[in-house]
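Heads up, the thing below is written out as structure tokens.
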Amino acid sequence: MTEKQVIFTQQLRLPAIGQGTWYMGENTSRRRDEVAALQAGLDLGLRLIDTAEMYADGAAETIVGEALNGRRDEAFLVSKVYPWNAGGQKAIAACEGSLRRLKTDYLDLYLLHWMGDYSFEETIEAMETLIDQGKIRRWGVSNLDCNDMQTLWQVAGGQHCATNQVLYHLASRGIEYDLLPWCQQQKMPLMAYSPLAQAGRLRRDLLSNTVVNDIAHAHNASAAQILLAWVIRHPGVIAIPKAANVAHVEQNAAALNITLSASELMALDNAYPPPKGKKALDMA
Ligand code: NAP
């Protein structure tokens, strides 16, 4: 079976499922499990690890650094800069802080976490400086809607943006209307965060939904695996579920090999219809 991959460049292809880290590092009693889960993911080829200076105030990056001890080269490491640090010397200092906590000397990808304090021009300049300094390999953005991406594309250097990381799961499909087709047109991979809807009512609805569970049963899989297979059905979409539990990580890796049939996709469309018009970008 061939697992699904996402093409960043001709030289860089990654499995279409990576690993998130939000809420890791919040509680020291869970540290060992979190490190073990990330390492299990790496063992299974889930190379992309997504973190941020925001998560647990940097402690998630420390967990990732621990998980990567002696195996940095196996990972494609992504971190994110706060909007209020995304320009000038603040960006350099923020990146250096992330590198220190991650115990590495470079990031594979550095993302603007969301739009805010600095202009695109200032953020791009800082990102290019970090590339010149060898501290990051490439940069991207997060939580930008289609019109923001189009604005970014008009700015000098904006088209070097490597990805946009946005919320996407079966119960939140707004990006299918415009942002996702636009990214695909630019041949720019899109990173789907909260692919399992993280918490709350939506997550409970999705995991207990009869259609989702019938399809899971047919694939001898879990509902969560079907949700992931659904997110990565599009070319160029990489899902980054967070799992601090090795059994979850194993399931998530196995979801790379699940292909949903046309009739299964139609049944899911009926249960959770695609957008008929523009919706504001979802962030929670
Ligand atoms: P998520 O991945 O949708 O959900 C995480 C939850 O799902 C955790 O409770 C996890 O439990 C559980 N889980 C994982 N695998 C499972 C499985 N196979 N079966 C059942 N449950 C499973 O939510 P998320 O953390 O919000 O999003 C993923 C990542 O995206 C984040 O960690 C972060 O890296 C990134 N993110 C980025 C932004 C942004 O603004 N750019 C925003 C949100 C998230 P266990 O931990 O117990 O395994």
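Order of appearance sets the numbers: ligands from 1, and atoms from 1 within every ligand.
- For the ligand labelled ligand 1, residue Tyr23 lies outside the 4.0 Å heavy-atom shell.
- Close contacts of ligand 1 with Gln165, meaning ligand atoms under 4.0 Å from a residue heavy atom, involve 35 (C), 36 (N), 37 (C), 38 (C), 39 (C), 41 (N).
- When only interatomic distances are considered, the shortest N/O to N/O separation between Thr51 and ligand 1 does not fall below 3.5 Å.
- For the pair Leu196 and ligand 1, the shortest N or O to N or O distance falls below 3.5 Å.
- Considering both main-chain and side-chain atoms, Ala244 comes within under 3.5 Å of ligand 1 through a nitrogen or oxygen pair.
- For atom 48 (O) of ligand 1, the closest non-hydrogen atom of the protein is His248 ND1, 2.6 Å.
- Residue Arg32 qualifies as open at atom CZ: its count of foreign heavy atoms under 6.0 Å is 12 or below.
- Arg31 and Glu34 are not joined by a salt bridge, as no carboxylate oxygen comes within less than 4.0 angstrom of a charged side-chain nitrogen.
- Near Asn252, with a cut-off below 4.0 Å to any heavy atom, the atoms of ligand 1 are 14 (C), 15 (N), 16 (C), 17 (C), 18 (N).
- Residue pairs meeting the side-chain hydrogen bond (donor to acceptor under 3.5 Å, both in side chains) criterion with at least one member in residues 107-116, sequence neighbours excluded: Arg72-Asp108.
- Taking a cut-off of under 4.0 Å to the non-hydrogen atoms of His113, the atoms of ligand 1 that pass are 39 (C), 40 (O), 41 (N).
- In this structure, Arg137 satisfies the cation-pi test against Tyr106, with its NZ or CZ atom closer than 6.0 Å to the six-membered ring centre and inside 45 degrees of the ring normal.
- Remark: side-chain polar atoms of Lys4 are paired, donor with acceptor, to backbone N or O of Ile258 under 3.5 angstrom.
- Asp145 places no side-chain N or O within donor-acceptor distance of the main-chain N or O of Asp148, the cut-off being under 3.5 Å.
- Near Gln251, meaning under 4.0 Å from any of its heavy atoms, are these atoms of ligand 1: 17 (C), 18 (N), 19 (N).
- With hydrogens left out, the protein atom closest to atom 40 (O) of ligand 1 is Asn143 ND2, 2.9 Å, a heavy atom.
- Note on ligand 1: Arg203 sits in its first shell, one or more heavy atoms being nearer than 4.0 Å.
- The pair Arg173-Asp269 counts as a salt bridge, with a side-chain nitrogen and a carboxylate oxygen less than 4.0 angstrom apart.
- Close approach of ligand 1 to Pro195 (heavy-atom distance below 4.0 Å) involves ligand atoms 2 (O), 3 (O).
- Scanning all protein heavy atoms for the shortest distance to atom 31 (C) of ligand 1 gives Trp22 CB, 3.6 Å.
- Nearest protein heavy-atom neighbour of atom 5 (C) of ligand 1: Lys242 O, 3.4 Å.
- Protein heavy atom at the shortest distance from atom 26 (O) of ligand 1 is Ser194 OG, 2.7 Å.
- Lys80 places a side-chain N or O within donor-acceptor distance of the main-chain N or O of Thr51, the cut-off being under 3.5 Å.
- Between Glu74 and Arg47 no salt bridge is recorded (no basic side-chain N to carboxylate O distance below 4.0 Å).
- Here is the list of ligand 1 atoms found below 4.0 Å of a heavy atom in Asp50: 33 (C), 34 (O), 35 (C).
- Atom 4 (O) of ligand 1 has as its closest protein heavy atom Gln198 CA, 3.4 Å.
- Of all atoms in ligand 1, listed by their number and element, those nearer than 4.0 Å to a heavy atom of Asn245 are 48 (O).
- Of the possible polar contacts, none joining the Thr104 side chain to the Leu99 backbone as a donor-acceptor pair under 3.5 Å is found.
- Heavy-atom separations between Lys80 and ligand 1 include at least one value shorter than 4.0 Å.
- Those atoms of ligand 1 with a heavy atom of Ala224 less than 4.0 angstrom away are 17 (C), 18 (N), 19 (N), 20 (C).
- Heavy-atom distances between Ala197 and ligand 1 reach below 4.0 Å in at least one pair.
- What sits closest to atom 28 (C) of ligand 1 on the protein, heavy atoms only, is Ile240 O, 2.9 Å.
- Side-chain atoms of Gln19 come within 3.5 Å of backbone N or O of Leu46 as a donor-acceptor pair.
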Distance-only check: which donor-acceptor pairs under 3.5 Å involve side-chain atoms of residues 223-240, not counting sequence neighbours?
unit_1: Gln225; atom_1: OE1; unit_2: Ser222; atom_2: N; d: 2.9
unit_1: Gln225; atom_1: NE2; unit_2: Gln251; atom_2: O; d: 2.9
unit_1: Arg233; atom_1: NH1; unit_2: Tyr168; atom_2: OH; d: 3.2
unit_1: Arg233; atom_1: NH1; unit_2: Trp230; atom_2: O; d: 2.6
unit_1: Arg233; atom_1: NH2; unit_2: Tyr168; atom_2: OH; d: 3.2
unit_1: Arg233; atom_1: NH2; unit_2: Glu176; atom_2: OE2; d: 3.3
unit_1: His234; atom_1: NE2; unit_2: Tyr168; atom_2: OH; d: 3.0

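- Panel note: side chain Gln186, backbone Cys183; no donor-acceptor pair is recorded below 3.5 Å.
- Nearest non-hydrogen protein atom to atom 44 (C) of ligand 1 is Tyr193 CD1, 3.6 Å.
- Residue-environment remark: CE (Met283) exceeds the threshold of 12 foreign heavy atoms within 6.0 Å.
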